[in-house]
Amino acid sequence: MRVSATSLILLVPFSLAAFTHPGLLHTASEFTFVASKVASGAQPWTTGFAKLTANSHSASTYTARPVATVYRGTSSLGTENYSLLFNDMAAAYALALRWKISGDTTYAAAAAAVIDAWSSTLTEISGSSDKFLAAGLYGFQFANAVEILRGYSAWTGFAAAKEVLLDVFYPMNRNFLLNHNGAAIDHYWANWDLCNIASAIAIGVVADNQTIYDEAIEYFYHGAGNGAIENAIWKVYTGADAGLAQLQESGRDQGHTMLVVGMLGTIAKMAGSQGLDLFGYLDNRILKGAEYAAKYNLGNDVPYTTYTNSDVTQTVIAPASRGDIRPIWELLYNQYAKKKGLAAPWTTQYAALVRTNGSGSEGGGGNYGPNSGGYDQLGYGTLMFSL
Ligand SMILES: *[C@@H]1O[C@H](CO)[C@@H](O)[C@H](O)[C@H]1NC(C)=O
Ligand SMILES: *[C@@H]1O[C@H](CO)[C@@H](O)[C@H](O)[C@H]1NC(C)=O
Ligand SMILES: *[C@@H]1O[C@H](CO)[C@@H](O)[C@H](O)[C@H]1NC(C)=O
């Protein structure tokens with residue numbers, strides 16, 4: 001019997017072929033492009049690469065500090081030590097990029113040493129409910145470093161890295177998305193779902209597991225919690241405010257709102273590497289959320305609609321941490337304004353602001369202070385996402 005295209009799509013909804021590798025934040029052709037731009041001294045890639053090489057996390061002498069149990073959140077179980085993990089994941093990623101762009105395998109070996117140290121040591125992520133943030137954020141970061149490094153032919157640690165992703169991180173990602181730590185479905189803010197969606201997508205690709213990948217993409221489309229796209233960016237404005245859409249965390253504070261914007265860009269870019277266009281989904285919904293956040297954080301007024309969930313009623317947009325600087329905008333600016341050619345005036349301005357803040361380039365973990373917020377996103381967007 002002939003299988004029609006339609007029934008194939010129904011059987012395998014989100015991707016039709018085997019996974020592409022490397023296929024998360026960056027593809028093989030993107031690495032080739034960036035490496036050639038840096039080799040020829042072109043801008044802004046050369047400034048972006050200098051930003052990377054100046055960050056101590058990209059030094060070949062970087063030494064991992066793995067622990068068996070990572071704790072995030074104050075609890076009676078143990079003392080918080082998750083900064084060890086987020087510093088090391090920033091290093092693994094920075095070193096992997098430095099290898100791909102310079103061609104110098106010293107950096108691949110150093111990145112592999114960081115990953116291997118954790119693969120052979122980490123058995124548990126614990127702490128308060130914040131442990132689910134750790135599983136999501138550092139899961140997507142670990143998986144991205146592994147996905148790049150899998151192309152380093154001398155590396156023998158891929159299987160062990162895949163195992164720790166599947167055995168330690170992924171079960172927590174899935175558990176959180178299904179059960180939300182036993183809370184009301186609207187209790188956890190959007191960023192909690194989003195980092196766990198990002199981690200599950202990334203681990204699905206690393207492990208070549210269509211089931212894991214599809215389940216995470218399905219959650220992005222139709223999940224029950226606040227990370228599903230129509231909950232994360234829930235209020236679309238029209239008329240004079242067309243092009244703007246309010247985010248689930250807009251009434252909370254702007255730092256967390258920025259985390260939501262950053263995670264949505266990360267999720268869409270990773271899916272894009274597998275041929276799935278989430279950027280365009282629902283009439284470019286992610287862009288509308290980014291535009292709203294950028295416009296407000298640049299000091300302009302935006303419309304606001306009262307947000308209510310089981311815990312709070314927020315009648316005004318939250319000014320706390322307005323103007324928050326995170327390396328999340330080059331990705332969105334390049335995908336929407338440059339690649340799709342769409343109007344993205346506020347996103348464009350915010351990308352310029354963060355670029356200027358970093359002396360011509362977005363930085364990575366370590367360039368935005370010692371706290372976790374500076375490590376929530378992998379960064380280096382001027383280097384890696386400029387088109
Ligand atoms: C957590 O990290 C601290 C150092 O910050 C360390 O002393 C402790 O042993 C770690 N806990 C576990 C269980 O690995
Ligand atoms: C993919 O992951 C799911 C969920 O953990 C598991 O049940 C399944 O066996 C995996 N599939 C393959 C091919 O490894
Ligand atoms: C970059 O932004 C941070 C955080 O707002 C600020 O403290 C710092 O002074 C800025 N740096 C530059 C060069 O603009």
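Counting starts at 1 for both ligands and their atoms, following the listed order.
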Notebook entry, point to check: Are the ring centres of Phe279 and Tyr336 closer than 6.0 Å?
Noted result: yes

Checklist line | Ser36 side chain to Phe33 backbone, donor-acceptor under 3.5 Å | finding: yes

Item checked: Enumerated ligand 2 atoms positioned under 4.0 Å from heavy atoms of Asn209 -> 1 (C), 2 (O), 3 (C), 8 (C), 10 (C), 11 (N), 12 (C), 14 (O)

Checklist line | Interfacing atoms of ligand 2 (cut-off 4.0 Å, heavy-atom, Ile212) | finding: 2 (O)

Next item on the list: Look only at the side chain of Asp193 and the backbone of Tyr188, and say whether a donor-acceptor pair between them is shorter than 3.5 Å.
Entry: no

Next item on the list: Could you tell me whether Trp118 and Phe142 have their ring centroids closer than 6.0 angstrom?
Entry: no

Margin query: With a 6.0 Å cut-off on the ring centroids, do His57 and Tyr375 count as close?
Written below: yes

Item checked: Sidechain-backbone polar pair: Glu330 side chain, Tyr380 backbone, donor-acceptor under 3.5 Å -> no

Next item on the list: On the 0 to 90° scale, with breaks at 30° and 60°, tag the Trp155-Phe158 ring pair as parallel, tilted or perpendicular.
Entry: perpendicular

Every pair of nitrogen or oxygen atoms between ligand 3 and the protein that is under 3.5 angstrom apart - can you list them with their distances to 0.1 Å?
unit_1, atom_1, unit_2, atom_2, d
ligand 3, 2 (O), Asn357, ND2, 2.2
ligand 3, 11 (N), Asn357, ND2, 3.0
ligand 3, 14 (O), Asn357, ND2, 3.3

Check: Has ligand 2 got any nitrogen or oxygen that is less than 3.5 angstrom from a nitrogen or oxygen of Tyr170?
Finding: no

